Amino acid sequence: MPRRPSPARGLGDRIFRVQLTASGVIVLAIMAAVGLFLLLRAGQALRTRGIWDFLTTAQWQPDVHRFGIAAVLTGTLLIAAVAVTISVPLALGTALFISDIAPRPLRRTLVSMVDLMAAVPSVVYGLWGLFFLQQHVIGVSRWLSDWFGWIPFLHVDGTQPGEPLASQSVYTASTFVAGIVVALMVAPIQCSVMREVFAQAPAGEREGAYALGATRWGMIRAVVLPYGMGGIIGGTMLGLGRALGETIAVYLIISPVFTIQPHILQTGSNSVSSLIALHYGDASTFGMSALMAAGLALFLLTLAVNFTASSIVARSRSGAQSEA
């Protein structure tokens, strides 16, 4: 019987393999420990209220055992949806410009600038959104409400289209403003993933598209975008995971309400992370258990999103197919 050749592994290779395995196990153990800690601390609240009532109740009055995450979870999802809707086209256009259009000497500068945006603390984005962006986006919110208010989620209660004396306060501290700020925070992450995948598009297929008479946009549409589709989806979901858990920037901007608020242009919103930041300091023992239950729900949601995104990105890097 022929022997199957096996690569010789020296001591350094074995040590390196053990270190990698240990690192992976430690990361998974820490993640499991965080989940177990939240579950144990949330047990009292979940046993008292019940999982279904906890998920479907909008009020937050844990001291009288009337609490749930229906309102804050809805606000979290709406803020994340607004953020992803704005950030994906921005990140996609930037990634394509850097990988296929920008002159080579300019690419390093652009990559550094995008990476620098990702390193800016969230509190800086929050303060910028609160004191600068909000007052400049009111006109956009009013225009959207006047012309597209017939769409339910763009309607603003208490306003009439074209009313010149309408109060501007109904458009402040809204889901829309918070979503714009979060979009600028997650766009660098999405852009980095997309740019990395676009750069791996086969050079032969790019040159083949040009040889067949394709324009630059034609080459991007026929080669780069199909090849990088997994990266686009993965980057979008990684940004979504970050948007779901954003705390400080959202906490500074929104005006918390504990009703399901589907109107993204109207003042008043909420999120799970800002709820925890708002009530953590003055919560009772049972209230702390309720906050831990909210944190557990957010942990499971972001974990599912990030695992899905990681699997998509891994598949896209293993070799996508494109049609030139």
Side-chain angles (χ1 to χ4, degrees), residues 4-9 12-13 16-17 20 23-24 27 80-120 179-180 182-243 304-324:
R4 178 180 299 177
S6 58
R9 290 177 180 159
D13 292 334
F16 182 66
R17 183 177 182 180
L20 291 182
S23 299
V27 169
V82 172
V84 170
T85 301
I86 296 173
S87 65
V88 169
L90 179 62
L92 179 59
T94 304
L96 286 174
F97 180 77
I98 293 175
S99 63
D100 289 280
I101 298 176
R104 190 174 298 273
L106 184 61
R107 291 181 187 177
R108 287 187 178 180
T109 302
L110 293 176
V111 170
S112 299
M113 292 178 64
V114 171
D115 293 342
L116 184 62
M117 285 185 62
V120 175
I180 293 176
V182 176
L184 296 179
M185 298 177 63
V186 304
I189 300 173
Q190 297 171 331
C191 179
S192 297
V193 174
M194 296 177 191
R195 184 187 72 240
E196 198 173 310
V197 176
F198 292 159
Q200 296 176 6
E205 295 192 18
R206 293 173 184 260
E207 295 171 359
Y210 284 132
L212 292 173
T215 62
R216 178 174 293 180
W217 167 241
M219 182 276 296
I220 292 174
R221 185 180 58 189
V223 177
V224 178
L225 289 180
Y227 183 89
M229 187 56 63
I232 296 173
I233 298 173
T236 300
M237 296 187 69
L238 286 174
L240 176 61
R242 167 73 187 277
V305 170
N306 283 316
F307 267 125
T308 304
S310 298
S311 64
I312 294 174
V313 173
R315 285 201 301 270
S316 71
R317 288 174 180 171
S318 64
Q321 294 181 352
S322 60
E323 296 179 2

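Since we're looking at a predicted model, the values are computed, not measured.
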Subject >> All side-chain contact (heavy atoms from CB on, under 4.5 Å) counterparts of P105, not counting sequence neighbours >> reply: P103
Original post:
Within the distance-only criterion (no hydrogens, no angle test), does the side chain of R195 pair as donor or acceptor with the backbone N or O of S99 below 3.5 angstrom?
Top reply: no
How long is the span from the [atom1] atom in [X] to the [atom2] atom in [Y], to the nearest 0.5 Å?
{"X": "E207", "Y": "M219", "atom1": "CD", "atom2": "CE", "answer": "10.0 Å"}
{"X": "M229", "Y": "M194", "atom1": "CE", "atom2": "CE", "answer": "10.0 Å"}
{"X": "I86", "Y": "I180", "atom1": "CD1", "atom2": "CD1", "answer": "4.5 Å"}
{"X": "R107", "Y": "D100", "atom1": "CZ", "atom2": "CG", "answer": "7.0 Å"}
{"X": "M113", "Y": "M117", "atom1": "CE", "atom2": "CE", "answer": "8.5 Å"}

Subject >> Heavy-atom side-chain contact between L92 and F198 under 4.5 Å >> reply: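 Yes, at least one pair of side-chain atoms sits under 4.5 Å.
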Which heavy atom of [X] sits nearest a heavy atom of [Y], and at what distance?
{"X": "T85", "Y": "A81", "value": "OG1-O, 2.7 Å"}
{"X": "V193", "Y": "G231", "value": "CG1-O, 3.7 Å"}
{"X": "V305", "Y": "G241", "value": "CG1-N, 3.7 Å"}
{"X": "I220", "Y": "P226", "value": "O-CD, 4.1 Å"}

Let me have the donor-acceptor pairs involving side chains of residues 182-190, under 3.5 Å, with sequence neighbours excluded, atom names and distances please.
| residue | atom | partner | partner atom | Å |
| --- | --- | --- | --- | --- |
| Q190 | OE1 | S87 | OG | 2.8 |
| Q190 | NE2 | S87 | OG | 3.4 |

Original post:
Could you give all pairs that pass the side-chain hydrogen bond (donor to acceptor under 3.5 Å, both in side chains) test and reach residues 108-117, with sequence neighbours left out?
Top reply: none
Original post:
Given the rule in the side-chain contact (heavy atoms from CB on, under 4.5 Å) test, do L225 and L96 qualify, once you have shown the distances and angles that lead to the verdict?
Top reply: CA-CA 9 Å; L225 289 180; L96 286 174; 4.1 Å; yes
